[in-house]
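Below: the structure, in C-alpha cells.
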Amino acid sequence: MSLVVAVLAGGAGRRIGGDKPRHLLGGARLLDHALATARASAAPVILVVRDPEQVEGFAGTVVLDAPGIAGPLAGLLSALAWAVDAGADRVLTLPCDMPFLPGDLNLRLDLALTKDLGVAVAASGGQLHPVCALWRTTAVRTLVQRAGEGRLSLRGLSEAVGCAVVEWPIDEGDPFININTAEDLAAAQAALT
C-alpha cells in the first residue's frame, strides 16, 4: 500500500453550532460528501476525529487526533502515524467541510509531489489549502519537532518539508469552498440548486 486517504473531521465546529461533520448539505452529511471524495481514490480511507462520538455509526477505520496538539496538526500526525504503521508512504488529507473538492485532486497532487518534496498542497484563487494535501509520511518527524516547539501551522509545516503548490481554476466556482458557518452552509446549499 502506498497511499492512505485521511478525512480530517476532528474540529469542534463552534462557528457552525458544533458537530460539523453531521450538518446536512443536499440531504447528505458533510462527512458523507468528504467520504465520497475519499473513496473515489480507490485507496484505504481512514477517518480522523477528536472524539469517536463525532462519527457515530461510521463502519470504517476511525483514528483519534494526537493528544496534546491543537488544530489540524493533531489529525495529520495521527493520519501519518497510522499510514506508517500500515506501510504507506503518502497520505492524502481531506477536510470534512469542503464538499465540492475536485475529482482530480489526488491525481494532480501526486503528479506534483516530486522526490525532493514532502508535500503537494492544493490552492485556488491564490489561496493555499494545506488541509487538502498529499503528504509524504516522512513529514511526521518534522511535524513532531515543530509541534514540540509550539509551531502548529500547516502552512509552516508544508514549507519546512518542501512544498509544491497546485493551483485549481475558480472560473466556474471555487472547488475549495470551506463551510465554517451557517451562512457558508446556506450558500453551499444554494449553489447545489
Note to self: Which heavy atom of V5 sits nearest to which heavy atom of A43, and what is that distance?
What the structure shows: CG2-CB, 4.0 Å

Note to self: Going by side chain to side chain contact (heavy atoms under 4.5 Å, CB included), L134 matches just one of T93, N106, V119. Which one?
What the structure shows: N106

Margin query: Check whether S78 reaches the backbone of G75 with its side chain - one donor and one acceptor, N or O, closer than 3.5 Å.
Written below: no

Note to self: Working to the nearest 0.5 angstrom, can you tell me the gap between R136 CZ and D116 CG?
What the structure shows: 8.5 Å

Notebook entry, point to check: For the atom pair CG (L76) and CG (L8), what is the distance rounded to the nearest 0.5 Å?
Noted result: 7.0 Å

Next item on the list: Kindly compute the distance separating CG (L30) from CD1 (I179), expressed to the nearest 0.5 Å.
Entry: 5.0 Å

Check: Can you check whether H33 reaches T37 side chain to side chain, under 4.5 Å on heavy atoms?
Finding: no

Check: Does a side-chain heavy-atom distance below 4.5 Å link V63 with L47?
Finding: no

Next item on the list: State the OG1-CG distance between T181 and L185, to the nearest 0.5 angstrom.
Entry: 8.0 Å

Note to self: Between R155 and L128, does the side chain to side chain contact (heavy atoms under 4.5 Å, CB included) criterion hold? Intermediate values first, please.
What the structure shows: CA-CA 8 Å; R155 182 180 299 238; L128 200 63; 3.6 Å; yes

Next item on the list: Given side chain to side chain contact (heavy atoms under 4.5 Å, CB included), test V161 with T138 step by step and report yes or no.
Entry: CA-CA 9 Å; V161 298; T138 54; over 6 Å; no

Checklist line | Gap between atom CG of L77 and atom CG of D65 - 0.5 Å precision | finding: 9.5 Å

Check: Between the main-chain N or O of L80 and the side-chain N or O of T137, is there a donor-acceptor pair closer than 3.5 Å?
Finding: no

Checklist line | Test item: S2 side-chain N/O and D89 main-chain N/O as donor-acceptor pair under 3.5 Å | finding: no

Item checked: D97 and K20 ion-paired at < 4.0 Å -> yes

Notebook entry, point to check: F176 vs H129 aromatic rings, parallel, tilted or perpendicular, using cut-offs 30° and 60°?
Noted result: parallel

Notebook entry, point to check: Of all heavy-atom pairs between S153 and G156, which one has the smallest distance, and what is that distance?
Noted result: OG-N, 2.9 Å

Notebook entry, point to check: Is a donor on one side and an acceptor on the other found under 3.5 Å between the side chain of E167 and the backbone of A122?
Noted result: no

Check: Looking only at heavy atoms, which two atoms of A34 and P95 are closest? And how far apart?
Finding: CB-O, 3.7 Å

Next item on the list: Tell me whether V91 is reachable from V84 by hopping between hydrophobic residues (I, L, V, M, F, W, Y) whose side-chain heavy atoms are closer than 4.5 Å.
Entry: no

Next item on the list: Work out which heavy atom in C163 is nearest to a heavy atom in V121; give both atom names and the distance.
Entry: SG-CG2, 3.6 Å

Check: Do you know which two heavy atoms are closest between V131 and M98, and how far apart they sit?
Finding: CG1-CE, 4.4 Å

Next item on the list: Determine whether more than 12 heavy atoms belonging to other residues, nucleotides or ligands lie under 6.0 Å from atom CZ of R141.
Entry: no

Item checked: Between D174 and S124, a side-chain donor and acceptor under 3.5 Å -> yes

Item checked: V7 vs V48, side chain to side chain contact (heavy atoms under 4.5 Å, CB included): CA-CA, chis, key distance, verdict -> CA-CA 6 Å; V7 175; V48 186; over 6 Å; no

Notebook entry, point to check: What's the spacing between L94 CG and L105 CG if we round to 0.5 Å?
Noted result: 6.0 Å

Checklist line | Residues D184, I177; criterion side chain to side chain contact (heavy atoms under 4.5 Å, CB included); working and verdict | finding: CA-CA 8 Å; D184 293 341; I177 289 172; 6.0 Å; no

Check: Is R90 positioned over the aromatic face of W135, cation under 6.0 angstrom from the ring centre and no more than 45 degrees off axis?
Finding: no

Checklist line | Donor-acceptor pair, side chain of D32 and main chain of R29, under 3.5 angstrom | finding: yes

